[in-house]
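Notes for the one structure printed next.
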Amino acid sequence: STGIGGYVGGTAFNTEATIIAALEDAAEELDTKYIPDEDRHCPLSPSHYWTLINNDKTISTDYSRDGQDFARGKMYWAAGFMLHKTNHIPSTYWVDPAVGTDSDSGVTDTPSGAYNRYGGDLSTMHTVCFHRSAIGTVWLMDVTLESEHLIEYIGSPVLAKMMAGVGRLRPEAAVEIGSTTAQPALN
């Protein structure tokens, strides 16, 4: 199971026109699944973000009511998505499902007893556009701190604890944009 509700693929995603077209396709995919227009987000790598800055329609006040500013390098919206510039979009991570280790470093991705399978072939993924209802986070216990002065250590060790969980709420509220025509399988 991929966990992603939709897929827009087969695009180069390297010019203003192809990025805008892919974002419009992603918005259409969300529209067909009755996902609300508000609270839609799209993280972009810096190279894709700065490529979009060159598009007159995303910056011009004739097309944008939110005062996006070319001089400041600020762009907030495109195709109905709030844009976020980030360096945290995976692009090459791969975990071999048969071995359970990162094929590049040999590091095991799942500690004993944990069910954290985050791997997959993400080399063709450009971004994931989503509505805030796609995932959810709950806190059973917020951060608590404990400390005690121990003379034998000549210091005060600090223990911090928190209990939280993250999960899919509405997978159809997320759309992956990739360069292949078919969505790659994730672990």
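All values below come from the heavy atoms of this structure, side chains included, with hydrogens, waters and symmetry mates left out.
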### Message
Taking the side chain as everything from C-beta on, heavy atoms only, tell me whether L44 gets closer than 4.5 Å to C42.
### Response
yes
### Query
Hey, mind stepping through V158 and L145 against side chain to side chain contact (heavy atoms under 4.5 Å, CB included) and telling me if it holds?
CA-CA 7 Å; V158 177; L145 296 172; 4.2 Å; yes
### Task
Indicate the atoms forming the closest heavy-atom contact of K33 with R170, along with that distance.
O-NH2, 3.9 Å
### Task
Flag the pair F81 / D37 as yes when at least one side-chain heavy-atom distance between them is below 4.5 Å, and no otherwise.
no
### Query
So which heavy atom on L23 is nearest to which on A78, and how close?
CD1-CB, 4.0 Å
### Message
For D31, is there an ion pair with R40 - N to carboxylate O distance below 4.0 angstrom?
### Response
yes
### Query
Do the side chain of S147 and the main chain of S156 share a donor and acceptor less than 3.5 angstrom apart?
no
### Minimal non-hydrogen separation, P46 against N87, with atom names
CG-OD1, 3.0 Å
### Query
Between CE of M82 and CG of D39, what distance do you get to the nearest 0.5 Å?
8.0 Å
### Query
Using a distance-only test with no angle check, is there a side-chain donor-acceptor pair under 3.5 angstrom linking H88 and T86?
no
### Cluster link I177 to I20, ILVMFWY, side chain under 4.5 Å
yes
### Message
Could you see if F130 belongs to whatever hydrophobic cluster contains L52? Use Ile, Leu, Val, Met, Phe, Trp, Tyr and a side-chain cutoff under 4.5 Å.
### Response
no
### Query
Quick one: are L169 and S133 in side-chain contact, heavy atoms under 4.5 Å?
no
### Message
If the threshold is 4.0 Å, N to carboxylate O, is there a salt bridge linking R132 and E38?
### Response
no
### Message
Nearest 0.5 Å, please: how far is CD in E148 from OH in Y153?
### Response
11.0 Å
### Message
Is there a path of hydrophobic side-chain contacts, each under 4.5 Å between heavy atoms of I/L/V/M/F/W/Y residues, joining V128 to I135?
### Response
no
### Query
How far apart are the closest heavy atoms of S179 and H126, and which atoms are they?
CB-NE2, 3.4 Å
### Query
CG of D142 to CE of M163: how many Å apart, nearest 0.5 Å?
12.5 Å
### Query
Rounded to the nearest 0.5 Å, how far apart are CD1 of I19 and OG of S47?
7.5 Å
### Message
Using side chain to side chain contact (heavy atoms under 4.5 Å, CB included), reason through K85 and W50 one step at a time and then give a plain yes or no.
### Response
CA-CA 9 Å; K85 180 175 47 172; W50 289 108; 3.7 Å; yes
### Query
So do the side chains of Y49 and H84 get within less than 4.5 Å of each other, counting heavy atoms only?
no
### Query
Should the heavy atoms of other residues, nucleotides or ligands under 6.0 Å from CG of L159 be counted, would the total exceed 12?
yes
### Message
Grouping I, L, V, M, F, W and Y whenever their side-chain heavy atoms are under 4.5 Å apart, do M141 and M162 come out in a common cluster?
### Response
no
## Note on the structure
Taken to the nearest 0.5 Å, the spacing of I35 CD1 from H131 NE2 works out to 7.0 Å
### Summary
Shortest non-hydrogen pair, A79 vs A27, comes out as O-CB, 3.6 Å
### Query
Aromatic rings F13 and H48: how do their planes relate, parallel, tilted or perpendicular, breaks at 30° and 60°?
perpendicular
